[in-house]
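To start, the structure under review is shown below, and the notes come after it.
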Amino acid sequence: MPMANNVNGFDVARIRADFPVLARQIRPGVPLVYLDSTATSQKPRAVIETMDEFYRKSNANIHRGIHTLAEEATAGYEGARRRVAQFINAPSARQVIFTRNTTESINLVAFTWGRANLNAGDIVILTEMEHHSNLVPWQMLAEERGLRLEFIPVREDGLLDMDAYRELLELEPCLVSFTHMSNVLGTINPAREMIALAHQAGALALVDGAQSVPHFPVDVQELDADFLAFSAHKMCGPSGIGVLYGRKELLEDMPPFLGGGDMIKRVYLRSFAPNEIPHKFEAGTPAIAEAVGLGAAIDYLESVGMQAIAQHEHEIVAYALERLEEIPGVRVFGPSAEHKGGVASFTLQGVHPHDISQILDSFGVAIRAGHHCAMPLHEKFGLPATARASFYLYNTREEIDRLVEAIYQVKEIFG
Amino acid sequence: MDDLYRELIIDRYKNPHHRGVLEPNDISFEDDNPLCGDHIRIDLRLDEAGRVSEASFDGHGCAISQASADLLVESVLGKTLDEVRLLSKEDILDMLGIELGPVRLKCALLSLKVLKAGAYGLGEASDDLVE
Ligand SMILES: Cc1ncc(COP(=O)(O)O)c(C=O)c1O
């Protein structure tokens, strides 16, 4: 399908019709306004039906059994791996490892590459805007190995302090692990530049792509990333499957992660020889239907066009910021629209974000309230919690208007 | 929603009757709701007969968590610790007079969890206390 590169060619109504849940009414007469895609995206019919059909027609375990269904299931699973590789421009599908989610992908790196390569006193650089999934695995490893963790500060305007980053690199870190896009501030970090700087300093770079891969084109070769982690459920795919991309030499040298079936070449009573990549890292029966669903999600996203999706979200978030900032008592966090993706985190004076979210729900508006798995970032800004509206290809300006109207209702109730 | 944000709840949230800390105190306990970062501390003073003579709460969080803490500490005045230990989820819901889904229930029960952990003299609060 041709890409809709300009806004006028981007047919939101047609896209919305592809997502059955968007027709849902939260109560009679109150249609759903889904503004929580950063937590998880909704699923288009193509994904739901592909998975349904897999279970109806081809379900079998993979890489074992020589019957028709086993062949079809294996082809579906491995086909999805190739589809992912194309999508992120990985040199080879063997560099695409299926995990459960972004969190497991990062844990995999921490506990295989990290354990094999990091020792007491070694430095890992993170940022102050990381999701807990890119903090806690490193804290666990730091505890075990005596590593030193350093953090690139977030400036008041929501951007990373690149001067501080350059200084930190003088400490000769082994790894820089950072989010491509903040799930709270929406900040899109200059990943290519950050990776180039890391490499110049002799460090590897891991990119948490949980919020970037679903929302704009990400090319691992252009970025020169050593590792990239992301989750299918945030990109129109199912929950239960995620991806770790890694540079081939690194993956080949890394010890296995979990032990069991499929990750071995040979097993003896007292030892084993690991399988080749990617299977070395995929112990046990994986999420087969989910992989097939992820493949369908990528087909869907590409049929719309990642560039077009990014452009659409950019316009929606710019409009949202403009409207939110008009409301007395609302404070919006993060950089201006030009530096951010489709996320608007805000507070409303005198009302806890939980209460905002609860009242918005009664108007059908689904947003998230809390610390969004980024407690240290909230602490930095002196906030226990924020309310967050987030956007995807299916959101419209009218939905932003509904959000804003509902916020005025919150103000009314809390007087 | 109109139910959830009954006047009583909004009123107690905006103008709590028992917010503050008691120093010194006989019992003091605090805990967080890790899901949303709500925080509650409850302090109690007991009289010679072992009954709660003064009670206060402090912390931050949503209207539900703060209003239920305010109503809860008010309700324990005059009670013995044994009576406090018997308080249950139903008591909180009766006081609030609303129905709550599983997520908001945690907000409403945080104060009870803190209170009971204090009354039992536990090192850590547990969800078992409010099941
Ligand atoms: C930036 C970022 N990293 C990591 C994650 C974790 O993703 P998952 O829960 O799918 O592992 C998220 C999810 O919210 C995220 O936004």
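Residue numbers begin at 1 in each chain, while the letters A, B, ... track the order of the sequences.
Enclosure of atom CD in A:Glu379 is not indicated, since only 12 or fewer non-hydrogen atoms of other residues, nucleotides or ligands lie within 6.0 angstrom. For CD of A:Gln349, the number of neighbouring non-hydrogen atoms (other residues, nucleotides, ligands) closer than 6.0 Å is 12 at most. Applying the 6.0 Å contact sphere to NZ of B:Lys106 captures no more than 12 heavy atoms from other residues, nucleotides or ligands. Counted within 6.0 Å of CZ on A:Arg16, heavy atoms from surrounding residues, nucleotides or ligands total more than 12; the atom is thus considered enclosed. Crowding of A:Glu412 atom CD: a count of heavy atoms from other residues, nucleotides or ligands under 6.0 Å not exceeding 12.
Taking all atoms of both residues into account, the shortest heavy-atom contact from B:Lys14 to A:Gly415 is NZ-O, 3.5 Å. Taking all atoms of both residues into account, the shortest heavy-atom contact from A:Phe414 to B:Ala63 is CZ-CB, 4.0 Å.
Put simply, the side chain of A:Asp355 never gets that close to the backbone of B:Cys62: no donor and acceptor are under 3.5 Å apart.
A 4.5 Å side-chain heavy-atom check between A:Pro384 and B:His39 finds every atom pair outside the cut-off. The shortest distance between side-chain heavy atoms of A:His352 and B:Ile64 does not fall below 4.5 Å.
The interface of residues 65-104 of chain B with chain A, defined by heavy-atom distances below 4.5 Å, comprises B:Arg104.
Here the CD1 atom belonging to A:Ile413 is positioned 12.0 Å from the CD1 atom belonging to B:Ile9, to the nearest 0.5 angstrom.
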